[in-house]
**Student:** 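Here you go, one structure.
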Amino acid sequence: MKFPGQRKSKHYFPVSNRDPLLAQFTQQPQTFPTYICGIDQTLVDIEAKVAEELLERYGLPKGNSTLIDDERAHILYNELKSNNMISDEFAGGTIGNTVHNYSILADDRSVLFGVMSQNIMVGSYAYRYLCNTSSKVDLNYLQPVDGPIGRCFTLISADGERTFAISKGSMDKLTPHYINQQVVQESAALVITAYLMRASDGDGMTSAAMKAIEYAKAAEVPVVLTLGTRFLIQEDPVWWQNFIKEHVTILAMNEDEGEALTGFKDPLLASEAALEWCDMVLTTAGPIGLYTAGYAEDSAKRETSHILLPGAIPEFNRYEFSRPMLKADCEQPIKVYAHIAPYMGGPDYIRNTNGAGDGALSALLHDLSANNYHKTNVPGSSKHKRDGLCYSSFSQVCKYANRVAYEVLAQHSPRLSRGLPEREDSLEESYWER
């Protein structure tokens with residue numbers, strides 16, 4: 001596993017450079033791998049530039065998001081394809097993006113649960129999904145289905161207005177039978193999205209997700225929830241609050257979703273409120289940057305050397321050099337917050353806002369799994385005198401998540417095609433030294 005983020009000094013996971021002459025006389029300890037797993041509605045994002053006449057013909061209100069059936073989606077796709085109107089086809093899905101990015105960053109395995117078309121034609125959207133997913137993502141546990149996976153058509157008019165047509169296909173047909181208990185319980189984290197809890201009657205996705213959560217909780221595997229969209233949360237915020245309190249360890253959201261969940265427009269106050277229901281929060285706030293919030297042991301808190309920041313909670317980042325912990329593992333828990341402004345002020349040109357939050361979450365998950373990896377392979381390290389949730393501090397997790405989000409914003413695809421550069425040529429090294 002690659003070390004999460006960047007540091008000025010070298011770190012090893014674990015130390016493996018030994019004297020080659022002595023190595024033959026000493027038994028080398030076997031390293032134990034770690035991974036994360038996630039459940040997703042497998043879908044492909046299809047982007048095309050179209051005339052308004054096509055929108056009218058398919059009954060798609062301009063600027064809106066509309067559900068369409070499989071037959072209409074198939075006809076629409078064939079028309080776009082035959083007329084060479086499709087500009088891009090990306091593997092999509094919030095959790096699919098997250099586990100892919102995790103595997104790119106960690107250069108290590110992740111596992112995806114979901115469905116996949118049993119019969120795949122070269123060039124089809126299911127084929128595109130597989131082609132655009134890292135080979136490090138283990139897809140052997142996908143459930144085969146007799147039908148298409150989900151498709152999200154992004155239809156761009158001449159004036160730049162985006163109209164969405166969504167075909168569910170068989171993406172919600174995952175059943176609990178295809179959730180492997182051992183895989184879930186031996187993972188570093190289970191990652192889910194709020195969309196999974198709203199499957200239609202007759203679809204097994206919600207029950208499959210609940211079965212995975214049951215397995216994870218029984219083995220004390222952290223459950224990570226990303227909210228996905230404010231419209232889903234604002235339908236019944238109390239239900240979501242109770243769900244998070246009962247099942248979730250780490251919550252990922254943006255400022256709009258945070259407001260829908262907690263009622264607080266300020267992302268810092270929304271993060272603080274969410275800590276009443278979970279152990280750690282990652283909140284992305286667009287041009288403001290991003291926040292992390294969580295718990296630390298009072299006797300082990302570490303004060304920052306950065307400037308103390310003003311906000312709704314005065315000097316809220318005072319202890320941002322502390323490591324995140326589960327609240328239950330703290331004798332005297334204190335709330336800790338960290339913030340960072342957009343990396344380099346944000347890209348000069350934002351190509352795509354889709355996936356930036358997924359990229360930030362993948363960085364946090366990399367740090368979390370790295371902690372498990374190091375704890376398993378170097379159990380005697382002073383790093384693990386207390387059970388930390390992450391390897392790095394709140395501050396370092398902020399910087400790493402921020403850097404990955406920038407990389408996604410600066411490209412067109414919501415998924416990373418490569419890891420972060422070994423050396424930052426465009427910025428002084430002080431970004432990582434701070």
**Student:** Would you call D45-R151 a salt bridge at under 4.0 Å N-O?
**Tutor:** no
**Student:** Around K383, counting heavy atoms of other residues, nucleotides and ligands shown, do more than 12 lie under 6.0 Å from its NZ?
**Tutor:** yes
**Student:** Rounded to the nearest 0.5 Å, how far does CZ of F113 lie from OG1 of T42?
**Tutor:** 13.5 Å
**Student:** Does the separation of the ring centres of F90 and Y129 fall below 6.0 angstrom?
**Tutor:** no
**Student:** Do the charged groups of E297 and K301 touch, with an N to O distance under 4.0 Å?
**Tutor:** no
**Student:** Ignoring hydrogens and angles, tell me if any N or O in the side chain of N317 forms a donor-acceptor pair with the backbone of E320 under 3.5 Å.
**Tutor:** no
**Student:** Could you walk me through whether I250 and L368 pass side chain to side chain contact (heavy atoms under 4.5 Å, CB included), step by step?
**Tutor:** CA-CA 11 Å; I250 299 175; L368 181 150; 3.4 Å; yes
**Student:** Less than 4.0 Å between a side-chain N and a carboxylate O, is that true for D203 and K168?
**Tutor:** yes
**Student:** Assess the pair Y391 and H366: is the distance between their ring centroids shorter than 6.0 Å?
**Tutor:** no
**Student:** Sub-3.5 Å donor-acceptor pair from the side chain of S393 to the main-chain atoms of Q396, do we have one?
**Tutor:** yes
**Student:** Salt bridge check: are D138 and R109 linked by an N-O gap of less than 4.0 Å?
**Tutor:** yes
**Student:** With a distance cut-off below 6.0 Å to the six-membered ring centre and an angular limit of 45° from the axis, does R198 pair with W239 as a cation-pi contact?
**Tutor:** yes
**Student:** Quick one: do R318 and E303 make a salt bridge, cutoff under 4.0 Å?
**Tutor:** yes
**Student:** Atom CZ of residue position R302 - does it have more than 12 heavy atoms of other residues, nucleotides or ligands inside 6.0 Å?
**Tutor:** no
**Student:** Are a donor atom and an acceptor atom from the side chains of Y35 and S103 found within less than 3.5 Å of each other?
**Tutor:** no
**Student:** Before you tell me yes or no, could you show the steps for Y400 and S392 under side chain to side chain contact (heavy atoms under 4.5 Å, CB included), namely the whole-Å CA-CA distance, both residues' side-chain angles and the distance that decides it to 0.1 Å?
**Tutor:** CA-CA 10 Å; Y400 188 27; S392 306; over 6 Å; no
**Student:** Go through the side-chain N and O atoms of T154 and E47 and say whether any donor and acceptor fall under 3.5 Å apart.
**Tutor:** no
**Student:** Any chance the side chains of T193 and T94 put a donor and an acceptor closer than 3.5 Å?
**Tutor:** no
**Student:** Should T226 and T98 be marked as a side chain to side chain contact (heavy atoms under 4.5 Å, CB included) after you check the CA-CA gap, both sets of side-chain angles, and the distance that decides it?
**Tutor:** CA-CA 10 Å; T226 178; T98 301; 5.7 Å; no
**Student:** Going by atom types alone, do S134 and R415 pair a side-chain donor with an acceptor below 3.5 Å?
**Tutor:** no
**Student:** Ignoring hydrogens and geometry, is there a side-chain-to-backbone donor-acceptor pair from T206 to L196 under 3.5 Å?
**Tutor:** yes
**Student:** Under the 6.0 Å and 45° cation-pi test, does K335 pair with Y295?
**Tutor:** no
**Student:** For D70 and S167: C-alpha separation, side-chain torsions, deciding distance, then whether side chain to side chain donor-acceptor pair (under 3.5 Å) applies.
**Tutor:** CA-CA 6 Å; D70 288 345; S167 170; 3.1 Å; yes
**Student:** Would one find more than 12 heavy atoms of other residues, nucleotides or ligands at under 6.0 Å from atom OH of Y127?
**Tutor:** no
**Student:** So, are E407 and R418 salt-bridged, with charged N and O less than 4.0 Å apart?
**Tutor:** yes
**Student:** Taking the basic N atoms (NZ, or NE/NH1/NH2) and the acidic carboxylate oxygens, is any pair closer than 4.0 Å for R128 and E89?
**Tutor:** yes
